[in-house]
Amino acid sequence: MNSMNRRSVLLAGLGVAGAGALVACSSSGSTPALASPSGSAVAAADKKRTRSGKTHETTLTATQAMADLGAGVTARTWAFDGRLPGRELRLTAGATLSATLSNQLPNQATTSLHWHGIALRNDMDGVPPATQAAVRAGRNFTYRFTADAPGTYFFHPHVGVQLDRGLYAPLIVEDPREPLSYDEEWVVVLDDWLDGVTGTPDDVFAELRHGMGGMHMSEDSSSPSSSSGHDMGDMSGMGGMGSSPSASASSSGGSMGTRFMLMGAQSPLLGGDAGDVKYPYHLVNGRVPADPEVFRSKPGKRVRLRLINAGADTAYRVALGGHQLTITHTDGFPVRHQQADALLIGMGERYDVLVTLEDGVFPLVTLAEGKNATGMAVIRTGSGSTPTATVRPKELDGMLMAASQLRAADDVRLASKKADRVHRIELTGGMMTYNWAINGRRFDMNNPVAHPITVEEGQRVRLDFVNTTTMWHPMHLHGHTYQLGSDGPRKDTTIVLPKKTVSVFFDADNPGQWMLHCHNAYHGEAGMMALVAYQA
Ligand SMILES: [Cu+2]
């Protein structure tokens, strides 16, 4: 079955809108024949994966739940098996995961599971309608794939803005020949939280999608004032606006009447505007900082921390009071070890670090970059009182390591080779009309193959992320782990600062149709997505 025929089957349930889009696409004649997600090229590439023969079976039930965030804070949300974060999945590289998703979500919501960072077979990537039909309410879908690259990954739905609910959990792929030695291993999941507290992610997107241009201006905004916040465009007819950040959930914020939109969040590290959304809480492993998770160990023990940013709109600066971090991996892949006091981790990024524990009680603090708020976990190896929820260890302002300063470990660096294909990926749009896009085109999820970025199997591909906007974007490619520059780290999600260009390289060795998108959940949903598709 060719790509278009298969798509027409998938679209059969989508009704008139989907069918109309299909006709428009077919008659344009501009779409080349693409490798089908369930086609022979996908099966052939999958056969080459190293398999151990072991299978790990599990069921994940997506359901409405009342989450206990600690300190008396509860929130009605959607979560896997009612847990926040969801139960960690742990495999050894080469094993096959057989995970049945049971959709018990309310409101007839459809959903899916995307295995973030895993180079898996395309038809298990969980992106409706590109790689499968959405899993309807009350239905099940079994994801079955082999994970052959060890590392720190996670999973979440790839439908709407469900990522900003509680639907996320770690996926750890262990190395059967683990080269690092450590005594303990702790998984640390960071998240920006509002669901069930100030509204829902759907409420947030409903407000944001109108952009700043459609916002009601309050009376005190009549006097002009400068602002270095969001891209103002031509605001001359709008009477200017204040520039003070409005991070508090209870505040109406700045001088504009917004319920969810955050104005004036500034971060030099992120090159300006830090985020779009006000969050009342920043969680570490599902807990607020006033009632944190406490990790217990002994002085002198060596610990591997696996840090995962599952947030939707927040980059975190992470530091452990009284300790240096040794960075060993990013996005699952090893780097040349690098010492740092602090890390910057964008949405969708992961970092593994080693620490040798001192004697006492230490805050592991996640500073919401540019948003003047923190999350926290605590490491306890001796006596002492628990740090206060607002503590900011000096390491946060110490030597900070960003991905651009890291180098790939020798065994995962791509062999040098001239790029066979180069694509310019312009990041476009802004806050005025919330028209985030790629190459000026807002992605249409109902017609994902309309304007593919094509590659051919076997090619070395270079993507130039050219950020023309005034905001940073964490750019995530499915199914591949690209390399930053000629010897930078292997990653699947990378921060692209405003007005900067980042070039990444990958070998086209995993045929299918893969999303390339901003991992800001709201930017992605607004249209900052594209399809990287292998030609048939
Ligand atoms: Cu973005």
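Being a predicted model, the structure only gives us computed values, none of them experimental. The chain is numbered in sequence order, starting from 1. As the structure lists them, so they are numbered: ligands from 1, and atoms in each ligand from 1.
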Quiz item: Excluding sequence neighbours, so at least two apart, what forms side-chain contact (heavy atoms from CB on, under 4.5 Å) with A530?
Solution: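 side-chain contact (heavy atoms from CB on, under 4.5 Å) check on A530 returns I438, I453.
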
Quiz prompt | Near the Cu ion (ligand 1) (under 2.8 Å) - protein N, O or S atoms | solution =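 Checking every protein N, O and S atom gives H473 ND1, C518 SG, H523 ND1.
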
Just checking [X]: does its [atom1] atom have more than 12 heavy atoms from other residues, nucleotides or ligands closer to it than 6.0 angstrom?
X    : atom1 : result
R76  : CZ    : no
K500 : NZ    : no
R460 : CZ    : yes

Quiz item: Does the ring center of H478 lie less than 6.0 Å from the ring center of H116?
Solution: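 No; H116 has its ring centre 6.0 Å or more from that of H478.
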
Quiz item: Hey, would you say the H480 and F506 ring centroids sit under 6.0 Å apart?
Solution: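 H480 vs F506: aromatic centres under 6.0 Å.
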
